[in-house]
There are 2 protein chains.
Amino acid sequence: MSRSRNETSNGAGGTAVLRRAPLSRERVLRAAVVLADEAGIDSLSMRNLAQELGVAPMALYKHVANKEELLDGMVSVVVAEIDPPATGRDWKCGVREMVLSARRALLRHPWAPQVIESRTQAPPIVLDYMNSLIGMFLEGGLSADLTHHAMHALGSRMWGFTQEVFPTPAPPADPDAQAVMFREVAQRYPHIVTIATIGSHDEGTAPGGGCDDQFEFEFALDVLLDGVERLHQKGWTSAGRKHS
Amino acid sequence: MSRSRNETSNGAGGTAVLRRAPLSRERVLRAAVVLADEAGIDSLSMRNLAQELGVAPMALYKHVANKEELLDGMVSVVVAEIDPPATGRDWKCGVREMVLSARRALLRHPWAPQVIESRTQAPPIVLDYMNSLIGMFLEGGLSADLTHHAMHALGSRMWGFTQEVFPTPAPPADPDAQAVMFREVAQRYPHIVTIATIGSHDEGTAPGGGCDDQFEFEFALDVLLDGVERLHQKGWTSAGRKHS
DNA sequence: GGGTGAGGTGTACGGCGTACACCTTCGATA
DNA sequence: TATCGAAGGTGTACGCCGTACACCTCACCC
């Protein structure tokens with residue numbers, strides 16, 4: 001409808017006449033990230049994304065091969081947001097800092113863990129990230145052997161998230177039903193109730209009511225890094241342990 | 001077609017005339033597990049499962065509310081395969097043994113990790129499992145506080161798997177292309193190549209060629225358990241660390 | 001000025017989960 | 001023994017999904 005002359009000649013070339021902002025892989029990926037951020041990953045269908053961009057669904061396939069590649073691209077966008085750590089630090093601090101930066105990026109995109117775990121190929125930028133993490137271990141003096149296993153031990157935590165399997169069920173709204181359920185739960189799962197009701201002073205009624213995710217994450221990360229450090233200091237090699 | 005008298009009166013009641021084995025929640029769940037085991041989780045659609053059972057798709061909905069509940073049930077079937085550890089052991093051995101039993105169960109059902117991670121509610125048997133894990137920590141003398149964080153730190157590893165994000169890409173078949181790619185990879189990701197080519201003596205050509213998953217799992221599990229044990233011996237509490 | 005290739009469109013196909021109305025069967029009850 | 005109601009199974013249909021394929025348009029270049 002309203003395509004005025006004003007939209008013309010917007011760049012160095014000086015000859016482009018744009019009816020609408022032209023699609024590009026970049027634009028598609030960014031729109032996908034925004035859509036997933038705002039509407040949830042379940043709302044990210046090729047059709048929805050196309051609509052968001054004011055374009056026919058099939059137009060997207062001129063810029064991404066298929067939905068899998070779209071998801072790969074979205075992961076790349078997120079990983080590109082991870083900051084490299086300040087240089088010249090202790091390897092443990094460096095790794096810690098970088099992983100926590102990854103975590104900050106992931107928290108901005110709640111869909112990312114799930115999508116990352118579903119990938120079957122690592123995009124190049126993802127390998128770059130892993131490469132620099134490994135580099136920090138190696139430059140810190142850890143053996144390639146120990147570094148290898150440390151990376152495996154980090155697992156998904158190197159992306160800044162811990163898959164929280166079976167998230168806490170929300171307690172029922174009705175206070176009576178809540179009391180009944182609490183009694184039943186306490187009887188069948190006494191240990192769960194024991195550990196769930198310490199620390200969460202505000203909300204002691206439901207298992208795991210108020211965990212501090214950030215604290216849990218750093219706790220686990222530090223246990224791992226401290227453990228690896230200790231093994232390093234002991235001169236650990238996998239040979240001595242392989243069949244014990 | 002061929003429903004003979006031979007199929008009648010097959011049980012205690014003595015009056016049942018069966019045209020085919022009757023459906024039941026139990027049968028549906030077990031068939032779903034078998035189908036997922038054999039054909040992969042992607043082949044598990046309500047339609048496929050119904051066909052496998054010789055039944056119309058909608059018949060399944062008389063036994064499970066919807067596909068989510070079907071998946072919940074399948075997880076329950078797998079978790080039921082986990083053996084409780086021998087009693088009277090050190091807490092660390094007990095936990096270790098039980099987690100490794102969980103791992104054995106999971107390895108029999110390769111689809112399980114993915115399905116477990118997609119659950120939003122824990123079925124009762126899953127809570128039973130967590131409850132008994134927690135019980136072992138507590139009976140071992142660990143504080144509820146430390147146990148709580150230890151469980152979080154275990155994360156998905158308490159189910160016997162480590163989500164291997166970005167699995168190793170398969171090297172190209174063509175040996176020439178393989179050599180070229182290896183050079184490129186070594187240039188861009190030197191650290192990855194460094195840690196990938198140690199230890200895997202048979203297959204040193206591709207990153208991460210031949211990792212021993214079981215070893216990696218136990219390594220990480222032991223780092224965590226040892227770390228927790230050390231904190232326990234030091235009388236660790238979360239209070240001292242919460243804002244350091 | 002005609003050809004070319006990149007980018008966008010429209011239609012259609014086969015799959016999915018499942019709502020809904022329906023039919024059959026069978027045990028419990030009047 | 002007649003009736004009824006519930007439990008279990010069926011068939012159809014709807015609205016999603018990813019995407020193959022043929023087509024159109026139009027800027028650009030020889």
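To find a chain, count down the sequence lines: A is the first, B the second, and so on, and within it residues start at 1. Source: prediction; values computed, not measured.
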Distance-only criterion, 3.5 Å: show the donor-acceptor pairs between side-chain atoms of residues 45-59 of chain B and protein atoms not counting sequence neighbours.
unit_1, atom_1, unit_2, atom_2, d
S45(B), OG, N48(B), N, 3.0
N48(B), ND2, S43(B), O, 2.8

Next on the checklist: Walk me through whether H149(A) and F215(B) qualify under ring-ring contact (aromatic ring centres under 6.0 Å, His included).
Outcome noted: CA-CA 9 Å; H149(A) 302 301; F215(B) 180 82; 4.9 Å; yes
Checklist outcome for this item: Students should find that the end-to-end axis angle of the helix from dG1(C)-dC30(D) to dA30(C)-dT1(D), with five pairs defining each axis and rounding to 10 degrees, is 20°
Checklist outcome for this item: Taken to the nearest whole Å, CE/M58(B) to P/dC16(C) is 14 Å
Checklist outcome for this item: Between D72(B) and the options R25(B), R119(B), K67(B), the salt bridge (Lys or Arg N to Asp or Glu O under 4.0 Å) test singles out R119(B)
Next on the checklist: According to ring-ring contact (aromatic ring centres under 6.0 Å, His included), who are the partners of H191(A), at least two apart in sequence or on a separate chain?
Outcome noted: none
Checklist outcome for this item: Separation between CG (L71(A)) and CD (E69(A)), nearest 0.5 Å, reads 10.5 Å
Item to check | Positions of residues 61-71 of chain A (non-hydrogen atom under 4.0 Å from DNA chain D), listed by number | outcome: Y61(A), N66(A), K67(A)
Next on the checklist: Restricting to ring-ring contact (aromatic ring centres under 6.0 Å, His included), what partner residues turn up for Y129(B), sequence neighbours left out?
Outcome noted: W159(B)
Between protein and nucleic acid, restricted to nucleotides 3-5 of chain C and to nitrogen or oxygen atoms under 3.5 Å apart, what atom pairs and distances do you find?
none

Next on the checklist: Give the residues of residues 40-47 of chain B touching DNA chain C, defined as any heavy atom closer than 4.0 Å, sorted by residue number.
Outcome noted: S45(B), M46(B), R47(B)
Checklist entry - How close or far is atom C1' of dT9(C) from atom CG of L23(A), stated in whole angstroms? => result 13 Å
Checklist outcome for this item: Those residues at least two apart in sequence (or on a different chain) that pass salt bridge (charged side-chain N to carboxylate O under 4.0 Å, His left out) with E26(A) are none
Item to check | Rounded distance (Å) that lies between atom C1' of dG8(C) and atom CZ of R27(A) | outcome: 13 Å
Checklist entry - Can you name the side-chain hydrogen bond (donor to acceptor under 3.5 Å, both in side chains) partners of D83(B), sequence neighbours left out? => result none
Next on the checklist: Once ring-ring contact (aromatic ring centres under 6.0 Å, His included) is applied, do any residues pair with H63(B), and if so which ones, sequence neighbours excluded?
Outcome noted: none
Next on the checklist: From CG of L60(A) over to P of dT19(D), roughly how many Å is that when rounded to an integer?
Outcome noted: 11 Å
Item to check | Spacing of Q51(A) atom CD relative to dG18(D) atom P, expressed in whole Å | outcome: 13 Å
Next on the checklist: Expressed as a whole number of angstroms, how long is the span from L49(B):CG to dG9(D):P?
Outcome noted: 13 Å
Checklist entry - Under the side-chain hydrogen bond (donor to acceptor under 3.5 Å, both in side chains) test, which residues partner E97(A), sequence neighbours left out? => result R89(A)
Next on the checklist: Under a 3.5 Å distance rule, please check whether R30(B) uses its side chain to pair with a backbone N or O of M74(B) as donor and acceptor.
Outcome noted: no
Item to check | Nearest non-hydrogen partners of V79(B) and I125(B), listed with the distance | outcome: CG1-O, 3.9 Å
Item to check | Set of side-chain contact (heavy atoms from CB on, under 4.5 Å) partners for Q114(B), sequence neighbours left out | outcome: I41(B)
